[in-house]
Every structure is written in structure tokens, then in C-alpha cells.
Protein chains: 2
Amino acid sequence: MPRRRAEAAQQRSGVRPTPGLDELDEQILWELARDADVTNAALAERVHVAPSTAHARVRALREAGVLGPSHADVDYRAVGLPLQAIISVRLRAQARTVIKTFAAKMVGHPNVLDVFFVGGQDDFLVRVVTTSPEQLRDFVAGPLSSDPVVASTHTQIVFDHLRGLDHWADADGFDELRGPLG
Amino acid sequence: MPRRRAEAAQQRSGVRPTPGLDELDEQILWELARDADVTNAALAERVHVAPSTAHARVRALREAGVLGPSHADVDYRAVGLPLQAIISVRLRAQARTVIKTFAAKMVGHPNVLDVFFVGGQDDFLVRVVTTSPEQLRDFVAGPLSSDPVVASTHTQIVFDHLRGLDHWADADGFDELRGPLG
DNA sequence: ACTGAAATTATGCGAGC
DNA sequence: GCTCGCATAATTTCAGT
């Protein structure tokens, strides 16, 4: 029986990181991050409160913006997008001011799953799914490198993706090792 | 009104990538990847079929393994984990056979959100959330670099994370630009 | 924060196309 | 074979306490 996820990640004694949230809120957040498909009744049982209480907490967390929308894992290979890649992008130093504008264009592209703004030599990482090596090349050569603000790119193929949260099934409930999803 | 997401990402004419899935299945998959919180009734309306039909499709997609579990976006800053990073890890050439074992240990760590197996110079990327720079340093110096199979690591701080799917609200339904979640 | 009632939704089955 | 509509079961939701 693993200890509570939040506590384990925080590795602290009794200090509450955010005064607005208590232990029950954190439990609910981790539970929904792990599996957002649970019914409110099942969620309530997992965190040991009445369904109405769990429901009220979830609503409050959503309104506070702490809890966002949920996303289902999809096997992109099944929808004709078997090739996944992470592309590191570096902008020209003078172009750093337009980084947000440029990233917004990226997330609007249908093949883009994630954009991570990072610190260091690169400016952001773009995770994409494509139909083929050709489409990946066209993406990197087209929307990405053709823009004059881009200084350089570095493409890494993604062979597999594991989710840390999936292995944190506490109490009752088991999850087998994640397959090719995500 | 944007054209269908799957079609846009695939950029094809009329070829179905997977014989098992039809257009309705793909629409449902994209819809749930974008927002898994929709009720079955609302999902049915979005894809223009009866609720029972949508329900049957979702069940079939889940049993086929094409549709996986859902995950709620959580603002990790609110739960005391404000520092996010992506760490590129390279293993010693001789240790490549144990890459899966090592990655499994990584995803079991409470601070790890994702592990991406990649091709190229690095072997995988690890996305983590931490309470502080000190905890991040301890993670990189401890579980990661202390293992003799690790040849080198490169840590990039994550300033922000945008999700491509959120901007693909078709038909009715709008999503404002994602904030700090994820 | 809990209990109980009312409204909404999910689920399974048989009919029709 | 796929979709639909209805009946039932389960869940959400909102009173009051």
C-alpha cells in the first residue's frame, strides 16, 4: 500500500503547500489525474467521503482553475498517425519576443499534441503525430523551419510513452502497464 | 469552421488508415481526446448519432484498446509542485538492454509524469514535477545519475505547457487558450 | 459534511432499416 | 451489420438538516 501520491511527490512532513487546498482536495486531484473516468460515486468512495461532498469539491476545484479538462488516451496509430516525434526548436535571439505568437501558431497545427516552453539552449519542444516520415519531414521543413524566426530544430522519434500516474493505483484498483497509448 | 481534425492531421483524401475504424469512430476519438468530460448524450449530439450508438462505439473502442483511460489536467503548482522539468537521459551503450527496466523504475517515481523513449543521441526524456530546485537537483543527482547505467543527463526547465488538442473545438463549443495546467 | 428525493444520464435490449 | 428508441438501472444534483 503506497503512501499518498501528493505526499510522496512533495516529500514533506505536515506543511500544506497551498492554504486554499486541504488533503481531501489533493487526493481528489491526484485521483482524477490518474483516472478521470471514475464516476463521482466511485471517486467519493476512494477518498472516503459522501458523493455530494466529492461533487462539491470537484466543482470548487474546477471553478478555481486548479482542475482542468480531461483528455482520453488515444492510440494514434489506429487513426493513421503512427509516427510520433518531439522536435526541439531554437529561435533566433532577436525573435524571442514573438515566441508566444509562434508557439500559438504551432499548437494550432493539427499534428501538434504538445508545446513545452523550456529554458536552456532550446526555446520549446513540440510533440507531433504524423502519418509517415514524409509528413514529419514536411512539418519540420514547412511550418517550422520555413519561418524566419526559427534558428534551428532537432527531431527525436518517440518509440513509446509511459505515464507516471498510471502506476499510482492506491487502495482498490489496479492498472496494468500502459501500452502504446498517449 | 475547421475541417475534421483527423482528416486535417492525416491530410489525405478518402483513404481509411485502419480498416477497423470508420469516420464516426475517429470523430469520437478526437472528441474524447479533446474533452473526456462530455456526457454520452453530448458526445452523441456532437457526432450526430443517437446516444445509444455513441455509447456502443465508445465501448467497442475501449475494448479494442484504441481508447484508453482519461486524465484530468491538474495545476501542479496548486499542490505544491511548482517546478516542472524535462530531463534528457542517455544510457551507457552497454546498458541499452536494460532500458526498459530502468524506465520502469523512473515511471514508478512519484515525481515523474511522463517517460518518452526516443531515438537519437538520447535514450529517453523524463518529465517531472518538483517542489523546488533543490528537489529537482536531488532527483537528477539521485535516482537518475547515481545509477551506473546512466551516461549523461540534460535538464530543461518547463515554463509553460500548451496542448494542441484544446484549440480544435469544432461545431459548437469554444475553448479559451489553456493556462498553466498540465 | 451528510441524508434523501428529484432530475438527469447511462446502459441493455429488441425492432427496424 | 449498424443505428435507433424505449425501459430500467445508476448517477448526478440540489434541497434541507
Side-chain angles (χ1 to χ4, degrees), chain A residues 4 6 14 16 18-75 78-80 170-173, chain B residues 4 6-7 14-74 78-79 169-173:
Chain A
R4 281 186 37 251
R16 202 107 300 285
T18 25
L21 301 185
D22 63 1
E23 195 175 306
L24 177 57
D25 288 316
E26 288 197 0
Q27 280 186 268
I28 288 172
L29 287 174
W30 285 113
E31 205 55 55
L32 293 179
R34 198 182 64 78
D35 180 14
D37 295 323
V38 291
T39 64
N40 181 63
L43 173 64
E45 196 176 359
R46 287 182 78 82
V47 298
H48 308 105
V49 291
S52 58
T53 304
H55 184 259
R57 293 299 189 110
V58 169
R59 175 171 289 276
L61 288 168
R62 280 203 196 281
E63 283 177 6
V66 175
L67 181 61
S70 303
H71 305 276
D73 289 336
V74 168
D75 186 348
V79 292
D170 30 315
D172 44 282
Chain B
R4 281 186 36 252
E7 197 184 309
V15 187
R16 203 106 301 287
T18 22
L21 301 185
D22 64 3
E23 195 175 305
L24 177 58
D25 287 317
E26 287 196 1
Q27 280 188 266
I28 288 172
L29 287 174
W30 285 112
E31 206 53 55
L32 293 180
R34 198 182 63 77
D35 180 14
D37 295 322
V38 292
T39 64
N40 181 63
L43 173 65
E45 195 176 359
R46 288 183 78 84
V47 297
H48 308 106
V49 292
S52 55
T53 303
H55 185 258
R57 292 298 189 111
V58 169
R59 173 171 291 277
L61 288 168
R62 280 202 195 280
E63 282 177 6
V66 175
L67 181 60
S70 304
H71 304 275
D73 289 337
V74 168
V79 292
D170 31 313
D172 45 281

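The sequence lines fix the lettering, A, B, ..., with proteins before strands; numbering per chain opens at 1.
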**Asked** Is there side-chain contact between A:Asp75 and B:Leu67, with heavy atoms separated by less than 4.5 Å?
**Response** no
**Prompt:** Does A:His55 make a side-chain N or O approach to OP1 or OP2 of D:dT12 shorter than 4.0 Å?
**Reply:** no
**Item:** Side chains of A:Ile28 and A:Leu24 in contact at under 4.5 Å (non-hydrogen atoms)
**Value:** yes
**Item:** B:Glu45 CD - D:dC4 C1' separation (whole Å)
**Value:** 16 Å
**Prompt:** Which listed nucleotide (D:dC4, D:dT11, C:dT11) is nearest to the side chain of B:Ala50?
**Reply:** D:dC4
**Request:** Starting from C1' on D:dC14, measure out to CZ on A:Arg59 and report it in whole angstrom.
**Result:** 10 Å
**Request:** Quick one: label B:Leu24 by what it contacts on the DNA or RNA (base, sugar-phosphate, nothing), any heavy atom closer than 4.0 Å.
**Result:** sugar-phosphate
**Message:** When you compare the side chain of B:Asp37 with that of A:Arg62, does any pair of heavy atoms fall below 4.5 Å?
**Reply:** yes
**Prompt:** In whole angstrom, what separates A:Asn40's CG from C:dA7's P?
**Reply:** 20 Å
**Asked** Quick one: A:Leu43 CG to D:dT11 C1', roughly how many Å, whole number?
**Response** 13 Å
**Prompt:** What does B:Ser52 touch in the nucleic acid at a heavy-atom separation under 4.0 angstrom: a base, only the sugar-phosphate, or nothing?
**Reply:** base
**Rounded interatomic separation in angstrom, taking CG from B:Asp37 and P from D:dT11** = 18 Å
**Request:** Answer yes when B:Asp22 and B:Arg57 have at least one side-chain N-carboxylate O distance shorter than 4.0 Å, and no when they do not.
**Result:** yes
**Asked** Touch check for B:Arg57, heavy atoms < 4.0 angstrom, all strands: base, sugar-phosphate only, or nothing?
**Response** sugar-phosphate
**Asked** Within the structure, does a side-chain N or O atom of A:Thr53 lie under 4.0 Å from either OP1 or OP2 of C:dC2?
**Response** yes
